[in-house]
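Below is one structure; the comments refer to it alone.
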Amino acid sequence: MKRFEYIRATSVAEATSAAMEQNAVFLAGGTNLVDLMKVGVSRPDRVIDISGLAELARVEFLPDGGVRIGALVLNTDLAYHPQFSRDYPSVAEALLSAASGQLRNAATAGGNILQKTRCSYFFDLASACNKRQPGAGCDARDGENHGLAIFGWSRSCIATHPSDFAVPMVALDAVVEIDGISGHREVLLDEFYTLPGDCPERETVLQPGELVVAIRLPPESKTFAQHSRYLKLRDRTSFAFALVSVSASLVVEDGMIRDARIALGGVALKPWRAREAETRLKGQVCSDTLFREAAEVALADARPSGNNAAKIELSRRLVVRALRVVEAGNADQPRSLPGSVFAEQPKVSANG
Ligand code: SF4
């Protein structure tokens with residue numbers, strides 16, 4: 001294994017200062033980074049362990065009605081937080097649909113949104129990969145690519161982002177709080193990610209040394225609580241990344257859609273917000289015809305990046321299904337869906 005310097009940070013300021021060194025990385029739960037280091041995909045010179053920063057491990061319900069999720073809040077604790085899961089069921093459902101119980105007990109909110117792609121060529125040092133080695137080429141283009149991108153891809157990279165959590169968070173207009181040596185700034189999660197273009201090695205707007213300290217949901221996110229779900233299709237039922245996922249949220253009054261949010265996962269190098277489909281739904285009466293029209297609009301710009309045209313129809317059908325389920329409301333439906341994570345029992349927190 002390559003030798004690296006290990007620093008255990010005692011404050012955010014210490015962590016961000018230490019991270020100004022070239023080829024430094026932050027370590028939190030380690031569920032992604034350690035795997036990448038083991039196979040030699042990530043070869044940092046300095047590892048800054050931030051896992052002891054207790055101030056980043058809190059869920060705070062804000063006076064304005066929003067919620068602030070510290071970057072070190074564990075996936076399990078957030079998913080089973082009674083108030084959080086009641087107010088944001090699609091986020092809880094996305095968290096519980098991801099990985100395994102053991103991983104969710106160690107993985108953090110900040111690490112979740114910063115996961116690396118699961119493109120198999122990225123993990124294989126014998127393959128050409130522009131993301132791992134700029135200019136090397138992309139073996140996925142002519143390889144096994146049935147699960148790769150249908151939106152926002154480029155000739156340089158056709159990978160997808162693996163996070164489930166980030167999909168409803170983008171749909172609900174989450175904001176990322178970032179600290180660095182230049183101070184604090186905030187970015188919409190939807191604008192936090194960059195598309196591959198000619199620089200697939202760059203994945204977010206983070207500058208050298210910057211640390212994600214929290215992710216915030218605005219007050220209006222809660223208005224979707226009664227009609228908000230996350231549906232995920234994958235090659236096997238558990239412990240697999242999404243082939244396609246849909247986060248759908250509606251505000252429904254007397255059958256009329258007052259507000260709508262849709263984002264797709266597993267289709268691009270970022271969660272893909274379907275804003276035009278949302279516009280198509282707003283002010284309309286719920287119906288299957290309307291849901292099909294919205295799904296058509298949501299997938300209108302999709303194009304296969306390889307042998308994955310089937311993902312477009314799969315996505316279209318999943319949008320329709322998600323909207324049907326969401327219209328019915330959370331109270332009536334969750335446990336009846338095949339493979340629903342809401343069927344899981346018991347709900348045990350990693351912290352007891
Ligand atoms: Fe690498 Fe992207 Fe090509 Fe996968 S799709 S091999 S991550 S460049």
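Both counts, for ligands and for their atoms, begin at 1 and track the order of listing.
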Could you tell me whether the side chains of N308 and H146 share a donor-acceptor contact shorter than 3.5 Å?
no
In ligand 1, which numbered atoms sit nearer than 4.0 Å to a non-hydrogen atom of S156?
8 (S)
Is there side-chain contact between R68 and V213, with heavy atoms separated by less than 4.5 Å?
yes
Could you check if a side-chain atom of L290 sits within less than 4.5 angstrom of a side-chain atom of I257, using non-hydrogen atoms only?
yes
Near atom 4 (Fe) of ligand 1 (cut-off under 2.8 Å), count of protein N, O or S atoms:
1
When you check the gap from the basic side-chain N to the acidic O, do R132 and D124 get nearer than 4.0 Å?
no
Using the six-membered ring wherever Trp is involved, compare the ring planes of F84 and H81 and label them parallel, tilted or perpendicular (cut-offs 30° and 60°).
perpendicular
Whether the Y88 and S228 side chains hold a donor-acceptor pair (N or O, under 3.5 Å, no angle test) is what I'd like checked.
no
